[in-house]
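The structure under discussion appears below in the form of structure tokens.
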Protein chains: 2
Amino acid sequence: MNYTLEEIARLAGVSRSTVSRVINHHPNVRPEVRERVWRIIREVGYQPHAAARNLVTRRSQIVGVVIPETIPKVFSDPYFPAVLRGIFDALMERGYHLMLSLLSPPQEEDFYQRALRGRVVDGIIVLSAQVTDPLIRRAYEEGLPVVSIGRYPQEPGVSYVDADNVGGGRMATEHLLRLGWRRVATIAGPQTMAPGIDRLEGYRAALQAWGIRPSPDWIAEGDFTEAGGYMAMRRLLSARPDAVFVASDLMAMGALKALREAGLRVPEDMAIVGYDDVELAQFTDPPLTTVRQPIYELGRVAVQLLLHQLEEDVREPQRVILPTELVIRASCGALRQIGMPEWRGDLASRNSGEPGFPY
Amino acid sequence: MNYTLEEIARLAGVSRSTVSRVINHHPNVRPEVRERVWRIIREVGYQPHAAARNLVTRRSQIVGVVIPETIPKVFSDPYFPAVLRGIFDALMERGYHLMLSLLSPPQEEDFYQRALRGRVVDGIIVLSAQVTDPLIRRAYEEGLPVVSIGRYPQEPGVSYVDADNVGGGRMATEHLLRLGWRRVATIAGPQTMAPGIDRLEGYRAALQAWGIRPSPDWIAEGDFTEAGGYMAMRRLLSARPDAVFVASDLMAMGALKALREAGLRVPEDMAIVGYDDVELAQFTDPPLTTVRQPIYELGRVAVQLLLHQLEEDVREPQRVILPTELVIRASCGALRQIGMPEWRGDLASRNSGEPGFPY
DNA sequence: CTCCATGATGAGAGCGCTCTCATACATGAT
DNA sequence: ATCATGTATGAGAGCGCTCTCATCATGGAG
């Protein structure tokens, strides 16, 4: 039923060593022999026993993907599925497996001990690491390659991939400025999370580039939830902004609700730009102009970085920042001003299924 | 840096065998010796090398979770995250790891060969298996335990866990009947998918129990998407139903849109009950009465079944059907009729955060 | 006191693979 | 012809663990 190297060797009339060479594509095997061995392997459906191989190579061909439980809600946005797909596809192509860990704090110690110390995984990819992730430090000390998806500046030795949150925030804000809005406020994310910090920094940079000094009450902090966006927008109303860059679509949806309740029209009375391009952003009223991140790519690149460290035995950390993309819909008011030449080239029209923006 | 059994044995002044006994909780070790060995293990942070152990035990302590790529969209509803959590938690408790596979057809063969034949996993859990899933058959032939989440009647030997879709459909429909609606139509799911078939069967059973013969044009088939629900509802309008059981919340949202366009009020002109209790069901206008499935539990039970097969070496397939729960909100009209005694006991009020239904 | 069941321990084989080293043979330079 | 070089192959050790079997001590029954 289940063959071993030994048996394949016997069937092919060669030694175990030779079969091993064939399997591992070692050059020094006569083509004729190589053929014969492959044929037999295919015939009997032989597959090397993973554990036996791992034992001697000291590699499991398994990469751990750690998702801190802190963010269970966010799971319902397309972020995690997409990034997981990117990771999975890239791993699959390279012959690796994906071990998923949805860790809550009490499970962390156990996971660390079993999976990391027991060498179940060859390395780990950590999603949206909190500023102080004990697992990252431990893996790092353990000598296991780690890549964080999402900026992780704490541990100097850790590689990460991130979307350009600063650039995205800046792009969104400049888009509003270019459309003629001048009192551009923002609903920022929590300033304890890297995306929250970075997108706000982008907002500030845009205003500064345009010589505008934001009043402090133009900045309201939300918590990346719809409810948080709703509250933040209500606080913002007294500052009478004419446009708002909202650091997440979920918050933008809350903001839209608050505006509707306040009797303000979007974008006539107030323009809105969101962030993330969640599925629902195209169905809000009005559809949300937003910033799209290369989520799938984030996953793929994380795998590239990790396997590079792993296979080339590189230890220096690497950082990759991927560009974001503006998706123009109705909430920013741009669609009402079609034809203004100064927009050309700045606005992307690749907004999935929507009729293209007619420049 | 990384210790082996041998070294622990030396440090403890015993043989390798004894240390192995201690680790595997074999009774025949003197308490005093056991203590000493554990202390040293803890001191040096020893963890057995997984591959070495797997090689001799022929067990990897890894369970594969296979999600066919056919359903990438559905990923954005809370189903997958919740079921994955259930699986993960249950596996973690039993000392197993979760290997995730987001398989698209071209990857299937490779996965089968590497993961199943290479004995990387001890068994697999398949999510929403299509009616003809080659992986299930193969794993089964391979002698690997398989559990399907979602009914999978094709392979007689395969265990599965499922929510009670028939019961849920029936409960939803009877709820509408009990509220006094008589022309109760349905938007069914695709009749190629088990949930689609089962929920429709529940609908039929409810009508039959009430002695009502549904007209054929009371039944419209959708594809579980919002657009499909919209189209189905438009088709249904000519039949002039007064209530509709919609086999998924997503479709129900499309249906609501169609009704709004047709100028019909919900629930005054038409009552709606959905299915799934997705996050958004509480935010629709009006909030959706719907059927909630024990998704997290589905995952946990799947693990139970799988590990039972695995560890007790049971081969007979097992089937588990978990009950569903009705979540009453505004769309069915029940909230407008508070006080009718005949509802009591039939309606659950555990609808997360919503004010309880006051019976 | 002897006998044998029972408990505690160690020795050693072996899981299925990779990889180093030794060997045999072919090839080309001298 | 001689030797260095390179290629193809096999023998065998060893990865770190588990588990069977042998050994020895212990202690109650006869």
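Because only heavy atoms are used, hydrogens play no part in the values below, and waters and symmetry mates are left out as well, while side chains stay in. Here is how names work: the chains are called A, B, and so on, in the same order as the sequence lines, proteins then strands, and each is numbered from 1.
Checking D/dT7, C/dG16, D/dC17 against every side-chain atom of A/N28, the shortest atom distance belongs to D/dT7. Residue A/R30 has its side chain nearest to D/dT9 when only D/dT18, C/dC17, D/dT9 are considered. The side chain of A/R21 has D/dT9 as its nearest neighbour among C/dT9, D/dT9, D/dG16. In this structure, the nucleotide among C/dT9, C/dG16, D/dA13 sitting nearest to the side chain of A/R16 is D/dA13. Which of D/dG10, D/dC15, D/dT9 sits closest to the side chain of A/V29 comes down to D/dT9. Ranking C/dT18, C/dC15, C/dT9 by closeness to the B/L55 side chain, first place goes to C/dC15. With distances taken from any side-chain atom of B/S15 to the nucleotides D/dA8, C/dG10, C/dC17, the minimum falls on C/dG10. Of the listed nucleotides (C/dA8, D/dC17, C/dG16), D/dC17 has the atom at the smallest distance from the side chain of B/L5.
The residue A/N54 sits apart from the nucleic acid: no heavy atom pair falls under 4.0 Å.
The separation between A/E32 atom CD and D/dA8 atom P is 12 Å, rounded to whole Å. Rounded to whole Å, atom C1' of D/dA8 lies 13 Å from atom CZ of A/R36.
Proximity of A/Y46 to the phosphate of C/dC17: a side-chain N or O atom is located under 4.0 Å from OP1 or OP2. Note on B/T18: a side-chain N or O is less than 4.0 Å away from OP1 or OP2 of C/dG10. Within the structure, every side-chain polar atom (N or O) of B/R59 is placed at least 4.0 Å from both OP1 and OP2 of D/dT18. Within the structure, every side-chain polar atom (N or O) of B/T57 is placed at least 4.0 Å from both OP1 and OP2 of D/dT18.
The residue from A/V22, A/V14, A/V19 that alone fulfils the side chain to side chain contact (heavy atoms under 4.5 Å, CB included) condition with A/V29 is A/V22.
The 5' end of DNA chain C is approached more closely, in terms of each residue's nearest nucleotide, by B/H26 than by the other of B/H26 and B/A52. Nucleotides of DNA chain D nearest to B/R53 and A/G13 differ in position, and the one nearer the 5' end is that of A/G13.
Looking only at side-chain heavy atoms (C-beta outward), B/L306 and B/I124 stay at 4.5 Å or farther from each other. Residues A/N2 and A/Y46 are not in side-chain contact: their nearest non-hydrogen atoms beyond the backbone lie 4.5 Å or more apart.
Taking the six-membered ring where the residue is Trp, A/W38 and A/H25 present tilted rings, their angle falling between 30° and 60°.
Residue side chain A/S17 reaches the base of D/dA11 through a donor-acceptor N/O pair under 3.5 Å, judged by distance alone.
A 6.0 Å sphere centred on CZ of B/R36 holds more than 12 heavy atoms belonging to other residues, nucleotides or ligands.
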